[in-house]
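Input: a single structure, listed below in structure tokens.
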Amino acid sequence: MSSKGKISGKDFDNAAAEQAKRYLEEGRETFRFDTFGSEDFWGGKLKLHEAIAGEKLGGTGPGLSPEKALELGLKVDVNAIPKDVADALNKGEVDLADPASTLVLLKANAVVGVTGFFAEDGKTLTSVGIQCAVCHSTVDDTYAPGIGQRLDGWPNRDLNIGAIVALAPDLTEFTEMLQISEAEVKKAVEAWGPGKFDAELNLDGRHFGRTARRPPRSIRRRSDWPV
């Protein structure tokens, strides 16, 4: 306000700048952490969390270690790693071949673009969801390849989303939608390679020369797939 009680141009500019800053912060929070309910698909339908946890931790199969997650192109935000874990990592005391270490990173929201949902015990992984950032953020590799400072808005060209889908224990959502076998689904998604997502598979079924039924809402509303 000016001395006469009127809004000055400077006051208006300051208010606009503060509003823009607030919107930027809110947008960044949504971009980084809002799953938009995708856990209903990735966890509820595909049961991907079970493959991540592995049999020893209440899931199925060998589990997904940090080493394997990095191979698949997933990134780790070094600033989100808890201090005690970071200290242990620096000392070489963290087993990067152990899926349990992946769950520690998920619980800390350190896996870029992926949210882990845990039971009340804080240990059992019950679902996973993804954010826009999983495809549209990367890291600067300052700590190690795939581990570093976030780079929001940069494409993750290393992300092998097809190989990640193929890990899921239950691909019924795809087989029923496309009327093909699980082996055919895996063959298709594993052929994409890093940085690719073929919309012809689950959005219109043209990969197999047929039109798929309308995919579930949890797939339709995703706009953050790599292209």
Side-chain angles (χ1 to χ4, degrees), residues 33 35 37-78 80-82 84-131 133-135 139 143-147 156 158-175 181-194 197 218-219:
F33 302 115
T35 63
S38 62
E39 60 272 16
D40 292 340
F41 175 70
W42 294 100
K45 299 294 185 181
L46 301 190
K47 299 179 175 60
L48 186 60
H49 61 287
E50 295 182 4
I52 293 173
E55 186 175 357
K56 291 182 179 179
L57 297 173
T60 60
L64 183 67
S65 69
E67 286 181 344
K68 182 60 177 178
L70 291 171
E71 288 178 11
L72 291 171
L74 291 166
K75 307 297 181 181
V76 175
D77 179 3
V78 70
I81 299 175
D84 59 335
V85 177
D87 291 342
L89 190 62
N90 290 331
K91 296 175 182 177
E93 297 174 352
V94 176
D95 187 356
L96 296 180
D98 188 350
S101 299
T102 302
L103 267 60
V104 170
L105 295 174
L106 283 171
K107 195 170 182 181
N109 280 329
V111 182
V112 175
V114 182
T115 292
F117 295 85
F118 290 81
E120 291 184 3
D121 62 9
K123 299 177 181 180
T124 305
L125 187 66
T126 60
S127 190
V128 288
I130 63 172
Q131 297 95 34
V134 73
C135 296
V139 296
Y143 183 85
I147 306 174
N156 185 354
D158 302 320
L159 184 66
N160 196 333
I161 192 67
I164 293 172
V165 170
L167 293 175
D170 188 351
L171 294 175
T172 304
E173 193 72 15
F174 286 101
T175 59
S181 69
E182 182 176 301
E184 288 178 295
V185 172
K186 288 187 175 182
K187 182 179 179 180
V189 297
E190 288 173 345
W192 295 345
F197 165 70
S218 54
I219 298 179

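Predicted model only: the values in this text are computed from it and were never measured.
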Leu72 side, atom CG; Leu64 side, atom CG - distance, nearest 0.5 Å: 6.0 Å
Heavy-atom check, side chain of Phe41 versus side chain of Glu173, under 4.5 Å: yes
Considering all heavy atoms, the nearest Leu46-Ala168 contact: O-CB, 3.5 Å
Asp98 versus Ser101, side-chain donor and acceptor atoms under 3.5 Å: no
Minimum heavy-atom distance between Pro62 and Pro99, given as atom pair plus value: O-CG, 3.4 Å
4.5 Å side-chain heavy-atom contact, Ile147 and Val139: no
Neighbour count above 12 (heavy atom, 6.0 Å) for Glu93 CD: yes
Minimum-distance pair of heavy atoms, taken over all atoms of Asn156 and Lys75: OD1-CE, 3.4 Å
Derivation of the side chain to side chain contact (heavy atoms under 4.5 Å, CB included) call for Ile81 and Leu105: CA-CA 7 Å; Ile81 299 175; Leu105 295 174; 4.2 Å; yes
Exercise: identify the closest heavy-atom pair between Pro82 and Ala108: CD-CB, 3.5 Å
Steps toward side chain to side chain contact (heavy atoms under 4.5 Å, CB included) verdict (Val85, Val104): CA-CA 9 Å; Val85 177; Val104 170; 3.8 Å; yes
Donor-acceptor side-chain pairing of Thr115 and Gln131 below 3.5 angstrom: yes
From Glu71 atom CD to Lys68 atom NZ, the distance as rounded to the nearest 0.5 Å: 5.0 Å
Close side-chain approach of Leu89 to Tyr143, heavy-atom, < 4.5 Å: yes
For Leu57, the option from Ile52, Thr102, Leu103, Thr124 that meets side-chain contact (heavy atoms from CB on, under 4.5 Å): Leu103
Close side-chain approach of Val114 and Leu106, heavy atoms under 4.5 Å: yes
Ile161 side chain near Val189 side chain, heavy-atom distance below 4.5 Å: no
Any donor-acceptor N/O pair, Ser127 side chain to Glu39 backbone, under 3.5 Å: yes
Smallest separation among heavy atoms of Ala166 and Lys186, with atom names: O-CE, 3.5 Å
NZ on Lys45 to OG on Ser38, rounded to 0.5 Å: 14.0 Å
Spatial distance of atom NZ (Lys47) from atom CG (Leu171) [nearest 0.5 Å]: 10.5 Å
Backbone N/O of Thr126 and side chain of His49: donor-acceptor pair under 3.5 Å: yes
CD/Glu190: more than 12 non-hydrogen atoms of other groups inside 6.0 Å: yes
Audit row: Asp77, Val111, side chain to side chain contact (heavy atoms under 4.5 Å, CB included) steps and yes/no: CA-CA 6 Å; Asp77 179 3; Val111 182; over 6 Å; no
Interatomic distance, Leu48 atom CG to Trp42 atom CH2 [nearest 0.5 angstrom]: 7.0 Å
Shortest non-hydrogen contact between Asn109 and Phe33, atoms and distance: CB-CE2, 4.4 Å
Between CG on residue Leu70 and CG on residue Leu96, distance to nearest 0.5 Å: 7.5 Å
Side-chain (Thr175) to main-chain (Glu182) donor-acceptor, under 3.5 angstrom: no
